[in-house]
Engineer: 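My structure is below; once you've seen it, I'll send some questions.
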2 protein chains.
Amino acid sequence: MDSGVKKPGVTSSQVAEHAGVSQSAVSRTFTPGASISSKTRQKVLASAKELGYRPNAIARSLITNRSRIIAVVMAYLENLFYPDVLEELGRALAAENYHLLLFTGFMDRDSDPVFDQLMQYRVDGIILASTSLSSELSEECATAGIPVVLFNRTTERDAVSSVTTRNREGGKRIAEFLVAGGHKSFGYIAGLENSSTNRDRFQGYVEGLAGHGITSVATETGNYSRVEAQDAARRMFTRPDRPEALFVANDHMAVAVMDVARYEFGLRIPQDISIVGYDDVGPATWTSYGITSMSQPVKRMVEATVDILMDQIASGEIEAEHRILNGDLVVRTSARLPQSGIVSRDGQQIFRPKEA
Amino acid sequence: MDSGVKKPGVTSSQVAEHAGVSQSAVSRTFTPGASISSKTRQKVLASAKELGYRPNAIARSLITNRSRIIAVVMAYLENLFYPDVLEELGRALAAENYHLLLFTGFMDRDSDPVFDQLMQYRVDGIILASTSLSSELSEECATAGIPVVLFNRTTERDAVSSVTTRNREGGKRIAEFLVAGGHKSFGYIAGLENSSTNRDRFQGYVEGLAGHGITSVATETGNYSRVEAQDAARRMFTRPDRPEALFVANDHMAVAVMDVARYEFGLRIPQDISIVGYDDVGPATWTSYGITSMSQPVKRMVEATVDILMDQIASGEIEAEHRILNGDLVVRTSARLPQSGIVSRDGQQIFRPKEA
DNA sequence: ATGTTCGTTGCATACGAATGCAAAATCGCC
DNA sequence: GGCGATTTTGCATTCGTATGCAACGAACAT
């Protein structure tokens, strides 16, 4: 049982005294671009090293009004897409000398309590992945001058930026692919009903099919969850109108769906049923699954996200910016192949119809 | 182009003025247990709400010398075990009103630069997952009064706590299981050479086999990496002494190994080769793999980790504490079954030999 | 009415670093 | 060596909150 007091660290004043200079000199030594002679600088650095001094980022934040912390709110970490994103974000933010305060395990609705926490730390920016934000809160961020970026979601709300891929075109491309593969009946396993990704992918899919005179799509909902996707798959495969081509709204669900198809219904993929996913993430590439999937360029999406944040932090202008990137339909073995339209790029097979 | 200045937030003084009280009163309103009458408290809360005031955690940290931030250093996010851990950690820390500053994408060696960053934020504690720490740094943390917990790693170094499972016993249990399954030749695909988990699992495995007079174990190294595990598997399966029982040091690699076995070597699992993994994580449970695997109780490991941190933060006593938890050998379909020793628990099949 | 006690309140200061301003030191040039 | 120009330096203040201390007020007992 101790007092519970953390030993105080070395302060700039202590370093100053030790080096025989003022506290200002110490501060300037650790402030890039500040006016300081290299002689005193060396003295300070020597003393700092000897005393084990490290600038206190907390104190610095207080006066600069910059925490150099970015809040990241992320759920669905069980979907490997997001750990992937997280890892890239960590890298990209570190490169800009920013740090990542992670809030996790919150679903769409209750992002508000977590929001309170994150605002208390005066974060310089907010990244919302697989989560949305109420309009009051996004408004509050805007007036507080804190940039917000939705990652892999989008919203009409101004003052909230977003980074996505062309989900509608992706859905459409998948429709083209499946039609070109000679399929006659089509199904869709949906993600979260109110998510923009799900809405756009489905819309594109339906449009694409409609372009070929197909108006009926068997739909079940998996809510981007593995367990629910399994149930959705079971319902789908017991329908009298079981489709021969199935678009599953993301790979995370597609993996679950494939296991159900093969091991619970004895379906052969792609002979009995073609399955196409979305994200082109980890397990999609494993030989057991080999999912034909629309890719989302994680690295470029992350770059765009950080780019938007850095811009808005530097300029102080919070103005919604929507970056929309392109993906490719990576062709593997989970769906029947069309006669034409498949090209090779970077060692991968890509579906690229002529009119695209 | 703006000045680039973030609009300053509402301060306690502004709230004080608005409510007609002193700044101290505002502070006390938001400090649990402080001396304040409910009348002024109400006044303050009303004004705070009206102005949209939120206490500034940065300023608070400065004076309390407590940031309520825990640094988490984590690599190998591609192994779903770690996202799992991350999600639990987020939950557990949030429950204690702590926050999670994530550092990712760093391997064992270069944890030192990241360490500099994390010390600048005066974090109240450090969790190192899949990473270690040089002795100087751990020493520095100890003298600074910052508790450090190694997660799923351990070290002899005092002043550094750790949370692990009984890896040696786990390796041994796997040996017993494979021997009981009637296998005659044994192999091991190793994880990171210098990690304690790999060392302990292997040691237990070898000991367990030795207990049955088996002294030869075919070994290849996959370094806990998917790609390297594939190569290791290829080498393993082309050896003249290809074993019929294979322990892969974690599930993340085991999945890769199974794909190589089936699709590159046409091996049937478990008829031609039995495979056992470690972690009992996501993909291990998927029907395509159904890996027989030693489980690590993520939730309890996280609880123990947070527990240690909270204790040491509260007491100020930095004293190494090593929590070692138990796992179970969850039996699925990737390895031949022994005649006896399999019991059912919580809807899972567990291998529990009589002497255990 | 007076004195005592206890709970509230405000004042003043501290936390550690950054920065505008003016003083001091350095440099260049004639 | 002297003067102006320029760089370097230190002083003092600031950021937003917590907290020791003293003053204050209310409640109660005498």
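Note that the coordinates shown come from a computational prediction; the quantities given were computed from them, not determined experimentally. Chain naming here is simple, since letters A, B, ... match the order of the sequence lines and numbering starts at 1 in each.
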Engineer: Are any of B/Tyr121's side-chain N or O atoms less than 4.0 Å away from OP1 or OP2 of C/dG16?
Structural biologist: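 Checking B/Tyr121 against C/dG16: no side-chain N or O falls below 4.0 Å of OP1 or OP2.
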
Engineer: What is the distance from CZ of A/Arg66 to C1' of D/dG16, rounded to the nearest Å?
Structural biologist: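 Taking atom C1' of D/dG16 as the reference, CZ of A/Arg66 is at 17 Å.
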
Engineer: Within the 4.5 Å heavy-atom criterion, are A/Ile70 and A/Val123 side-chain neighbours or not?
Structural biologist: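 No - every pair of side-chain heavy atoms lies 4.5 Å or more apart.
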
Engineer: When the aromatic ring centroids of B/Tyr76 and B/Phe81 are compared, is their separation below 6.0 Å?
Structural biologist: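 No, they do not, as the ring centres are separated by 6.0 Å or more.
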
Engineer: Roughly, in whole Å, what's the span from NZ in A/Lys43 to C1' in D/dT8?
Structural biologist: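 Distance check: A/Lys43 NZ to D/dT8 C1' gives 12 Å.
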
Engineer: In whole angstroms, how far is the P atom of D/dT17 from the CZ atom of B/Phe30?
Structural biologist: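 Taking atom P of D/dT17 as the reference, CZ of B/Phe30 is at 9 Å.
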
Engineer: Taking the basic N atoms (NZ, or NE/NH1/NH2) and the acidic carboxylate oxygens, is any pair closer than 4.0 Å for B/Arg68 and B/Asp124?
Structural biologist: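 Salt bridge: no.
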
Engineer: Rounding to a whole Å, what distance do you find between B/Arg60:CZ and D/dG16:P?
Structural biologist: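 Distance, rounded to whole Å: 15 Å.
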
Engineer: Give me the one residue out of B/Asn152, B/Val298, B/Thr104 that meets side-chain contact (heavy atoms from CB on, under 4.5 Å) with B/Tyr82.
Structural biologist: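 Of B/Asn152, B/Val298, B/Thr104, side-chain contact (heavy atoms from CB on, under 4.5 Å) with B/Tyr82 is met by B/Asn152 alone.
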
Engineer: If we ignore angles and hydrogens, is there a donor and acceptor under 3.5 Å between the side chains of A/Thr197 and A/Tyr224?
Structural biologist: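 Yes, side-chain donor-acceptor contact under 3.5 Å.
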
Engineer: What is the distance, rounded to the nearest whole Å, between atom CG of A/Leu62 and atom P of D/dT13?
Structural biologist: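 The answer, rounded to whole Å, is 18 Å.
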
Engineer: Hey, which of these two, B/Ala59 or A/Val26, hits DNA chain C nearer its 5' end, going by closest nucleotide?
Structural biologist: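 That would be B/Ala59.
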
Engineer: Using whole Å, what does the distance between atom P of nucleotide D/dA18 and atom CG of B/Asn56 come to?
Structural biologist: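 Taking CG of B/Asn56 and P of D/dA18, I get 9 Å after rounding.
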
Engineer: Please check the phosphate of C/dA18 (OP1 and OP2 only) for any side-chain N or O of A/Thr64 closer than 4.0 Å.
Structural biologist: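 No, A/Thr64 has no side-chain N/O under 4.0 Å of OP1/OP2 on C/dA18.
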
Engineer: Taking atom P of C/dG16 as reference, at what distance in whole Å does atom CZ of B/Arg122 sit?
Structural biologist: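 These atoms are roughly 9 Å apart.
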
Engineer: Do NZ/NE/NH1/NH2 and the carboxylate oxygens of A/Glu303 and A/Arg300 come within less than 4.0 Å?
Structural biologist: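 No, this pair does not count.
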
Engineer: Quickly work out the B/Asn65 CG to D/dT17 P distance and round it to whole Å.
Structural biologist: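 Rounded to whole Å, this separation is 18 Å.
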
Engineer: Report which part of the nucleic acid A/Ser27 touches: base, sugar-phosphate, or nothing (heavy-atom distance under 4.0 Å, all strands).
Structural biologist: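 It contacts base atoms.
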
Engineer: Check the surroundings of atom CD in B/Gln42: do more than 12 heavy atoms from other residues, nucleotides or ligands lie under 6.0 Å from it?
Structural biologist: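 Yes, enclosed.
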
Engineer: For nucleotides 8-11 of chain C, tabulate all protein N/O to nucleotide N/O atom pairs closer than 3.5 Å, reporting atom names and distance.
Structural biologist:
residue: C/dT9; atom: OP1; partner: B/Ser37; partner atom: OG; Å: 2.9
residue: C/dT9; atom: OP1; partner: B/Thr40; partner atom: OG1; Å: 3.2
residue: C/dT9; atom: OP2; partner: B/Ser37; partner atom: N; Å: 3.0
residue: C/dT9; atom: OP2; partner: B/Ser37; partner atom: OG; Å: 3.3
residue: C/dT9; atom: OP2; partner: B/Thr40; partner atom: OG1; Å: 2.9
residue: C/dG10; atom: OP2; partner: B/Ser22; partner atom: N; Å: 3.0
residue: C/dG10; atom: OP2; partner: B/Ser22; partner atom: OG; Å: 2.8
residue: C/dG10; atom: N7; partner: B/Arg28; partner atom: NH2; Å: 2.7
residue: C/dG10; atom: O6; partner: B/Arg28; partner atom: NH2; Å: 2.9
residue: C/dC11; atom: N4; partner: B/Ser24; partner atom: OG; Å: 2.8

